[in-house]
Amino acid sequence: FLSTLQVAERAEALGSGLLQQGCKPSTEQFIGVFAQNRPEWIISELACYTYSMVVVPLYDTLGPGAIRYIVNTADISTVICDKPEKARILLDHVERKETPGLSSIILMDPFEKELTERGRCCGVRIQTMKEVEDCGRESRRVPV
């Protein structure tokens, strides 16, 4: 169970962390969320809303072509994922040069070090959601 206050605090921390990493507090900033329904999905959504960013849901049920199309059409540079398998799908597209704008993947679940290495090799920063939240807590931004 998370209280409303805990959710709000985490959303503000995550949003501040996204801004600290170069995302803009603007309706022109699109953040992908590639996850099943879970509390972190809502926290990610609220983080974006807190700083006027737009959430773009990605669904694996639409197939890999749809994910590639949405990432490119919305010019998404950051995707928040639930599982490492989804990060691997996104990295496959980057490695094939199909989604050149994707530069950051944030994972809700734990992952192996090899995933970080694989991301580094193709220019994608891989982080845990907790790392981004901690970064945001260190440099809290006023909601926009």
Side-chain angles (χ1 to χ4, degrees), residues 1-95 99 101-144:
F1 176 81
L2 293 172
S3 71
T4 304
L5 234 78
Q6 289 171 308
V7 170
E9 190 282 327
R10 284 190 64 190
E12 196 170 311
L14 179 60
S16 292
L18 290 170
L19 296 182
Q20 190 66 21
Q21 295 181 4
C23 293
K24 305 287 182 235
S26 160
T27 56
E28 300 299 312
Q29 179 71 63
F30 299 99
I31 305 293
V33 179
F34 190 15
Q36 297 291 318
N37 290 339
R38 58 191 277 180
E40 293 87 354
W41 204 115
I42 300 301
I43 290 166
S44 300
E45 180 180 34
L46 292 172
C48 292
Y49 295 160
T50 301
Y51 296 97
S52 299
M53 295 179 272
V54 179
V55 177
V56 180
L58 302 172
Y59 300 101
D60 48 3
T61 55
L62 298 175
I67 291 166
R68 182 178 57 244
Y69 177 80
I70 294 166
V71 167
N72 288 329
T73 301
D75 195 25
I76 294 171
S77 60
T78 299
V79 176
I80 302 170
C81 292
D82 55 358
K83 302 191 176 307
E85 298 77 39
K86 291 180 181 166
R88 287 185 190 95
I89 290 168
L90 292 167
L91 289 175
D92 288 344
H93 291 303
V94 173
E95 289 168 343
T99 54
L102 184 61
S103 59
S104 176
I105 297 173
I106 299 166
L107 272 150
M108 299 171 187
D109 287 351
F111 57 92
E112 302 292 323
K113 187 177 178 183
E114 62 82 18
L115 194 61
T116 306
E117 241 349 275
R118 183 176 170 196
R120 187 175 301 129
C121 288
C122 63
V124 177
R125 184 179 190 179
I126 312 261
Q127 298 172 280
T128 66
M129 193 167 171
K130 183 182 179 328
E131 287 174 318
V132 180
E133 286 180 43
D134 289 345
C135 173
R137 282 186 191 93
E138 291 174 12
S139 55
R140 186 77 62 165
R141 303 283 284 274
V142 176
V144 178

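Please read all numbers here as calculations on a predicted model, not as lab measurements.
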Between CG on residue Leu14 and CG on residue Leu46, distance to nearest 0.5 Å: 10.0 Å
Carboxylate-amine/guanidinium proximity below 4.0 Å for Glu85 and Lys83: no
Point-to-point distance, once rounded to the nearest 0.5 Å, from OG1 of Thr73 to CZ of Arg68: 10.5 Å
Salt bridge flag under 4.0 Å for residues Glu12 and Arg137: no
Beyond-backbone contact of Gln29 with Ser77, side-chain heavy atoms, under 4.5 angstrom: yes
Test log, rule side-chain contact (heavy atoms from CB on, under 4.5 Å), inputs Ile31 and Ile76: CA-CA 6 Å; Ile31 305 293; Ile76 294 171; over 6 Å; no
Met129 to Ile106 - nearest heavy-atom pair and separation: CA-CG2, 3.5 Å
Side chains of Ser139 and Gln20, donor plus acceptor under 3.5 Å: yes
Contact check, side chains of Met53 and Cys23, non-hydrogen atoms, under 4.5 Å: yes
SB check Asp92 Arg118 (cutoff 4.0 Å): yes
Closest approach of Cys81 to Ala87 (non-hydrogen atoms, all atoms of both residues): SG-N, 4.1 Å
Beyond-backbone contact of Pro57 with Phe34, side-chain heavy atoms, under 4.5 angstrom: no
Evaluation steps, salt bridge (Lys or Arg N to Asp or Glu O under 4.0 Å), between Arg140 and Glu9: CA-CA 10 Å; Arg140 186 77 62 165; Glu9 190 282 327; 3.0 Å; yes
Heavy-atom neighbours of Gln6 CD exceed 12 at 6.0 Å: yes
Test: Arg88 and Glu95 ion pair at under 4.0 Å: no
Distance-minimising heavy-atom pair for Ile126 and Gly119: CG1-CA, 4.1 Å
Rounded distance (nearest 0.5 Å) linking atom CD of Glu40 with atom CD1 of Ile42: 10.5 Å
Smallest separation among heavy atoms of Val55 and Glu45, with atom names: CG2-CA, 3.7 Å
SG-CG distance between Cys121 and Leu91, expressed to the nearest 0.5 angstrom: 10.0 Å
side-chain contact (heavy atoms from CB on, under 4.5 Å) between Ile70 and Val56, worked out: CA-CA 8 Å; Ile70 294 166; Val56 180; 3.4 Å; yes
Any donor-acceptor pair under 3.5 Å from Asp82 side chain to Gln36 backbone: yes
Steps toward side-chain contact (heavy atoms from CB on, under 4.5 Å) verdict (Glu133, Lys130): CA-CA 5 Å; Glu133 286 180 43; Lys130 183 182 179 328; 5.6 Å; no
Distance in Å, Leu5 CG paired with Arg10 CZ, rounded so as to fall on 0.5 Å steps: 13.5 Å
Distance-only side-chain donor-acceptor flag, Gln21 / Gln127, under 3.5 Å: yes
Minimal non-hydrogen separation, Val33 against Ser44, with atom names: CG2-CB, 4.2 Å
Derivation and outcome, side-chain contact (heavy atoms from CB on, under 4.5 Å), residues Leu19 and Tyr51: CA-CA 8 Å; Leu19 296 182; Tyr51 296 97; 3.4 Å; yes
Residues Arg38, Asp109; criterion salt bridge (Lys or Arg N to Asp or Glu O under 4.0 Å); working and verdict: CA-CA 12 Å; Arg38 58 191 277 180; Asp109 287 351; 2.8 Å; yes
Arg141 backbone acceptor or donor facing Ser16 side chain under 3.5 Å: yes
Any donor-acceptor N/O pair, Ser52 side chain to Val144 backbone, under 3.5 Å: yes
Considering all heavy atoms, the nearest Pro110-Pro84 contact: O-CG, 3.4 Å
CE on Met108 to CD1 on Ile80, rounded to 0.5 Å: 6.5 Å
Set of residues satisfying salt bridge (Lys or Arg N to Asp or Glu O under 4.0 Å) with respect to Glu28, sequence neighbours excluded: none
Close side-chain approach of Ile105 to Arg125, heavy-atom, < 4.5 Å: no
Contact check, side chains of Leu102 and Thr78, non-hydrogen atoms, under 4.5 Å: no
Glu112 atom CD, neighbour heavy-atom count above 12 within 6.0 Å: no
Any Thr128 side-chain heavy atom under 4.5 Å of Phe111 side chain: yes
